[in-house]
> 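Below is the structure I would like to discuss, written out as structure tokens.
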Amino acid sequence: MARKFFVGGNFKMNGSKASIKEIVEQLNAADIPDSAEVVISPPALYVHWAEKHLTNDKVKIAAQNAFPKASGAYTGEISASQIKDVGADWVILGHSERRTIIKESDEFVAEKTVHALENDLGVILCIGELLEERQNGETVEVCTRQLKPVVEAVKDWSKIVVAYEPVWAIGTGLAATPEDAQETHAAIRKYLSEKIGEQADGVRILYGGSVNGKNAHTFNDCPDIDGYLVGGASLKPEFLDIIKSRS
Ligand SMILES: O=C(COP(=O)(O)O)NO
């Protein structure tokens, strides 16, 4: 099955009104290939700002988190309906920085995923192992453990994109090799096929972890790598090179 190339830009806790406006204006002026689906994710405070300045309809906006309640006494949190209200269509959930720093459990990520989908947000669902887990040969076990509560709770995967982000490659400049990444992506696709059937053929599985303008093309021949979730390089002009790396 042909799966549309997907490039996400996770700005994390970076940027200002000025810098995010500059990135958005660069994307507005960019000749983004029809073959690419592009989503940028500024910090929550700047989602509406980015949406206000975005004129390129080939680019959509994601929040970086969403609490699994419609509203209420949840200080500091934001809801899926509020994310939709300010014009974003996607949300990143389960990022390793939230699983390790904020201690979000696999079950809580699944609850957030269900709630986001119920509010018509697309979900970029992040999974990935720690260095020690890779060294112990536990990569696939960790990824399937993280996916398990989501496959048990979600029946329609048409608005979920999975992002495999080996934690040991995030922010290190040392991306996984295409061979290693493809091997894990294939195992993720196999697990999804076993659990959700033929829908799995349509689920985009992104690679994330030190993708940049120079190495993005090296993953082009990997049949189960359908795009990227880019951190640091999404804040730089080379983000466009990544978007064009498969055109
Ligand atoms: O965490 C990442 C990847 O970050 P880097 O590209 O900076 O490794 N994406 O969500």
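FYI, side chains are in, hydrogens and waters are out, and symmetry mates aren't considered; it's all heavy atoms of this structure. When a ligand or atom number is given, it counts from 1 through the structure's own listing order.
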> For Asp226, which of Arg189, Arg246, Lys4 qualifies under salt bridge (charged side-chain N to carboxylate O under 4.0 Å, His left out)?
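It is Arg189, the one option of Arg189, Arg246, Lys4 that forms the salt bridge (charged side-chain N to carboxylate O under 4.0 Å, His left out) with Asp226.
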
> Show the atoms of ligand 1 that are less than 4.0 angstrom away from any heavy atom in Gly209.
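With Gly209 as reference, the close atoms of ligand 1 come out as 3 (C), 8 (O).
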
> Among protein heavy atoms, which sits nearest to atom 2 (C) of ligand 1, and what does the distance come to when rounded to 0.1 Å?
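Scanning the protein heavy atoms, the shortest distance from atom 2 (C) of ligand 1 goes to Glu165 OE2, 3.1 Å.
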
> Against heavy atoms of Lys12, which atoms of ligand 1 measure under 4.0 Å?
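Near Lys12, meaning under 4.0 Å from one of its heavy atoms, ligand 1 has 1 (O), 2 (C), 4 (O).
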
> Which word best sums up how the rings of Tyr207 and Phe219 line up, parallel for under 30°, tilted for 30 to 60°, or perpendicular for over 60°?
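Rings of Tyr207 and Phe219: parallel, under 30°.
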
> Which is it for Leu229 and ligand 1 at heavy atoms under 4.0 Å: side chain, backbone, both or neither?
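For Leu229, backbone and side-chain atoms both sit under 4.0 Å from ligand 1.
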
> On a heavy-atom basis, I'd like to know which of Gly232, Gly208, Gly128 is closest to atom 7 (O) of ligand 1.
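Of the listed residues, Gly232 has the closest heavy atom.
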
> Can you confirm whether the side chains of Glu129 and Tyr164 place a donor and an acceptor under 3.5 Å from each other?
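Yes, side-chain donor-acceptor contact under 3.5 Å.
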
> For atom 6 (O) of ligand 1, what's the nearest protein heavy atom and its distance?
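Closest protein heavy atom to atom 6 (O) of ligand 1: Gly231 N, 2.9 Å.
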
> Going by distance alone, is a donor N or O of one side chain under 3.5 Å from an acceptor N or O of the other, for Lys112 and Asn65?
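Looking only at side-chain atoms, Asn65 and Lys112 do form a donor-acceptor pair, the distance falling under 3.5 Å.
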
> Students often mix this up, so state it plainly: with edges at 30° and 60°, are the rings of Phe6 and Trp90 parallel, tilted or perpendicular?
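Perpendicular.
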
> Polar-atom distance check: Thr172 versus ligand 1, any N or O pair below 3.5 Å?
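By distance alone, the answer is no.
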
> Is the closest N or O pair between Gly171 and ligand 1 shorter than 3.5 Å?
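Right, the criterion is met.
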
> Please check if the number of heavy atoms outside Lys84 that lie under 6.0 Å from its NZ is greater than 12.
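More than 12 within 6.0 Å, yes.
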
> What I'd like to find out is whether the side chain of Val123 reaches to under 4.5 Å of the side chain of Val154, using heavy atoms alone.
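Val123 does not reach Val154 side chain to side chain.
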
> Does Ala233 come within less than 4.0 Å of ligand 1, judged by its heavy atoms?
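Per 4.0 Å heavy-atom rule, Ala233 does not contact ligand 1.
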
> Side chain, backbone, both or neither: which applies to Ala169 and ligand 1 if a contact is any heavy-atom pair less than 4.0 Å apart?
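For Ala169, the contact with ligand 1 is made by the backbone alone.
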
